[in-house]
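For reference, the structure discussed in these notes is given below.
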Amino acid sequence: MHGPDEPYLSALLAARLKAVAAERGSGHAPPLNLGPALLPEPAQPPRDGVGDINVFDPNGSLTEVEGRLRVVIEGTGAPATIRIPASSLLALIWSAQGRVLAGRALDQQAWQDAKCHELGLPLIDEDLLMRHCLVLTLAGEWDPAAAAIDDYARAYPPRLIRSGGMLQAMRGFSMIRQGRMPEALAAMSLAAEELKVADPWQLRCFVYSVASYAAAAAGDRDAGHEHLAAFRRLPGGEPLVLRLLVEAYSTVAAGTLARRDSQSTLTALAELARGQGLRGIETEIRRLALVPGDIPGAAALAICSRAVDGPESALVHDFARAVAGSDATGLMRTGDAALAAGYLRLALESAQQAEWCLTQEADHRRLPAVRAQVQQRLAALGMSPQLGFVDPEPAPALTARESEIRGLVSGGASNAEIAALLRVSERSIERHLYRIFARLGVSRPLDLPGPGSVPR
């Protein structure tokens, strides 16, 4: 390995080997690091060709770090193996700050540049891949993140003994953000096992925290307690962008498993994220903290989500405003839009909040349909009802006449044909259909399940 890149690559390799040695010697994972933080110092000639930028130093200034990264990116002397990782790091900072679109564009450029320059060194490829997946996940782009992970696994099968845990961790985090809890738990559990073999990124603390949250959400209390205990045995010290999420997810898991309130702790974490300018992270934490009837919490979520760009954050903003206004109709509308856009977790949150709003109204005619919708979305995401805002009640069974009408409608019969067959008025059929739709949580005849099927 010779040429202008040699000091950077040597330092990167040395840092990785030092982390592995520390882990083996202590029995604990060393502080989490988001990949290569070794970049040239712009203010003075770097020693041995490299400097050391701790990108998410809790005692440092993100503004200062951004400036140093910009010097590297915009300068003409930095080789591609330094400039491209610097762009990737800056993209992740922007995404955590809520500048999702700008972060996504810069990350995409870095990702394409890496392919064009054919860096070809797995140490760099894997660091770029991890940040690429984090940026995509924060942007709500699940499919591209999964594709990047799958492509890398196919391209570098010999590297999986070292990078397999990181790949599974990124896959699990993407699933958490989607709300696919059983799949997230499976991915994070596998990541935890693989990271015992090799953890050059020191991701185990993050993995155990997210796994405990996924287990609690899926109703697997044993797995939740196991992962939470493993998380508590590990030392802290992660970079701020992940540390706050680590604390938030583990706080929710501990509160759910112990059935205690965790809102004050989550609010404090959200305030810390806001103080650091991490509005994207703040928004995620405030979503976790939001409970029914929490008008101040919803107002705070509306403010921070407005500072985050991207399609999902726009829907989160609408969701927060509807919660703050106890607007059940607005919540149902936002939930439908989130479902259509693939934001399943937000669709569930909207339905849960709408359900709570409707329980506060005198007229409960819309409540059965929304309650059924909540149950459908919980089941679709594999989530436990214990995370629901309202104690779920099963939808009442259809009467024999309603079951008969449902079967006829599913078979394609019109209201007039059904009325003639049953010797009742069309108005009577319409009333029956209204009750059927409400109990099954559907809004049109095409969505009705057949008589022998289970409602979705």
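Given the structure is predicted, the values throughout are model-derived calculations rather than measurements.
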Between Ile84 and Ala114, the two heavy atoms sitting closest are CD1-N, 3.8 Å
Working to the nearest 0.5 Å, report the span between CG of Asp294 and OG1 of Thr267.
7.0 Å
CG on Leu195 to OG on Ser163, rounded to 0.5 Å:
10.5 Å
State, with a plain yes or no, whether a side-chain heavy atom of Val424 is found less than 4.5 Å away from one of Arg401.
yes
Within-4.5 Å side-chain heavy-atom neighbours: Tyr213 and Phe231:
no
Nearest heavy-atom approach of Gln353 to Pro292 is OE1-CA, 3.7 Å
Do other residues, nucleotides or ligands put more than 12 heavy atoms under 6.0 Å from the CD1 atom of Ile161?
no
Say you draw a straight line from NE2 of His227 to CG of Leu257; how long is it, rounded to the nearest 0.5 Å?
11.0 Å
Distance-only donor-acceptor pairs under 3.5 Å for side chains of residues 330-344, two or more places apart:
residue: Thr334; atom: OG1; partner: Gly330; partner atom: O; Å: 2.9
residue: Asp336; atom: OD1; partner: Arg377; partner atom: NH2; Å: 3.4

Sequence neighbours left out, what passes side chain to side chain donor-acceptor pair (under 3.5 Å) with Ser212? Give chain and number order.
none
For a 4.5 angstrom cut-off between non-hydrogen side-chain atoms, does Glu404 reach Leu422?
yes
State which residue, out of Arg279, Gln276, Glu66, fulfils the side-chain hydrogen bond (donor to acceptor under 3.5 Å, both in side chains) condition with Gln97.
Glu66
Does Ser174 offer a backbone N or O that forms a donor-acceptor pair with the side chain of Gln178 under 3.5 Å?
yes
Taking atom CZ of Arg287 and atom SG of Cys304, what is their separation to the nearest 0.5 Å?
10.5 Å
Test Val246 against Tyr208 for side chain to side chain contact (heavy atoms under 4.5 Å, CB included), laying out the working first.
CA-CA 9 Å; Val246 162; Tyr208 282 127; over 6 Å; no
Does one side chain, of Glu193 or Ser189, offer a donor that lies under 3.5 Å from an acceptor on the other?
no
Do side-chain atoms of Asp309 reach the backbone of Leu101 as a donor and acceptor pair under 3.5 angstrom?
yes
Check whether any side-chain N or O of Arg162 sits under 3.5 Å from a backbone N or O of Ala198 as a donor-acceptor pair, and report yes or no.
no
Any chance you could measure Leu128, atom CG, to Tyr152, atom OH, to the nearest 0.5 Å?
10.0 Å
Could you check if a side-chain atom of His317 sits within less than 4.5 angstrom of a side-chain atom of Leu301, using non-hydrogen atoms only?
no
Could you report the tightest heavy-atom contact between Ile295 and Ala324, atom names first, then the distance?
CD1-O, 3.4 Å
With sequence neighbours excluded, residues passing side chain to side chain donor-acceptor pair (under 3.5 Å) with Glu194
none
Phe173 vs Phe206 side-chain heavy atoms within contact, under 4.5 Å
yes
Could you state the interatomic distance from CG (Leu266) to CD (Glu271), rounded to the nearest 0.5 Å?
12.0 Å
Check step by step if side chain to side chain contact (heavy atoms under 4.5 Å, CB included) holds for Glu226 and Asp220.
CA-CA 10 Å; Glu226 178 183 348; Asp220 191 338; over 6 Å; no
Of all heavy-atom pairs between Ala253 and Ala216, which one has the smallest distance, and what is that distance?
CA-CB, 4.1 Å
With sequence neighbours excluded, tell me which residues meet side chain to side chain donor-acceptor pair (under 3.5 Å) with Ser326.
none
Taking the side chain as every heavy atom from C-beta outward, state whether Leu290 and Glu349 have any pair of such atoms under 4.5 Å apart.
no
Taking Thr399 for its side chain and Glu402 for its backbone only, find out whether a donor-acceptor pair lies under 3.5 Å.
yes
Determine, step by step, whether Asp150 and Arg171 satisfy the salt bridge (charged side-chain N to carboxylate O under 4.0 Å, His left out) criterion, reporting the C-alpha distance in whole Å, the side-chain angles of both residues, the deciding distance to 0.1 Å, and the verdict.
CA-CA 10 Å; Asp150 293 339; Arg171 192 187 303 277; 3.0 Å; yes
For residues 137-146, the side chain to side chain donor-acceptor pair (under 3.5 Å) pairs (sequence neighbours left out) are Arg104-Glu141
Is the count of non-hydrogen atoms from other residues, nucleotides or ligands lying under 6.0 Å from Arg321 atom CZ greater than 12?
no
Hey, is the main chain of Leu346 close enough, under 3.5 Å, to the side chain of Ser350 for a donor-acceptor pair?
yes
Taking side chain to side chain contact (heavy atoms under 4.5 Å, CB included) as the criterion, tell me which of Leu245, Val308, Leu138 meets it with Glu284.
Leu245
Do the side chains of Val135 and Leu106 get nearer than 4.5 Å, heavy atoms only?
no
Would you please name every residue forming a side chain to side chain donor-acceptor pair (under 3.5 Å) with Thr329, sequence neighbours left out?
Arg366
Any Cys133 side-chain heavy atom under 4.5 Å of Ile149 side chain:
yes
Can you see which heavy atom on Ser209 is nearest to which on Ser250, and at what distance?
OG-N, 3.3 Å
In terms of heavy-atom contacts, Ala86 and Val72 come closest through CB-CG1, 3.8 Å
Derivation of the side chain to side chain contact (heavy atoms under 4.5 Å, CB included) call for Met175 and Met181:
CA-CA 7 Å; Met175 291 172 177; Met181 298 305 173; over 6 Å; no
Check the pair Asp107, Leu92 against side chain to side chain contact (heavy atoms under 4.5 Å, CB included), reporting the backbone distance first and the verdict last.
CA-CA 8 Å; Asp107 171 77; Leu92 182 55; over 6 Å; no
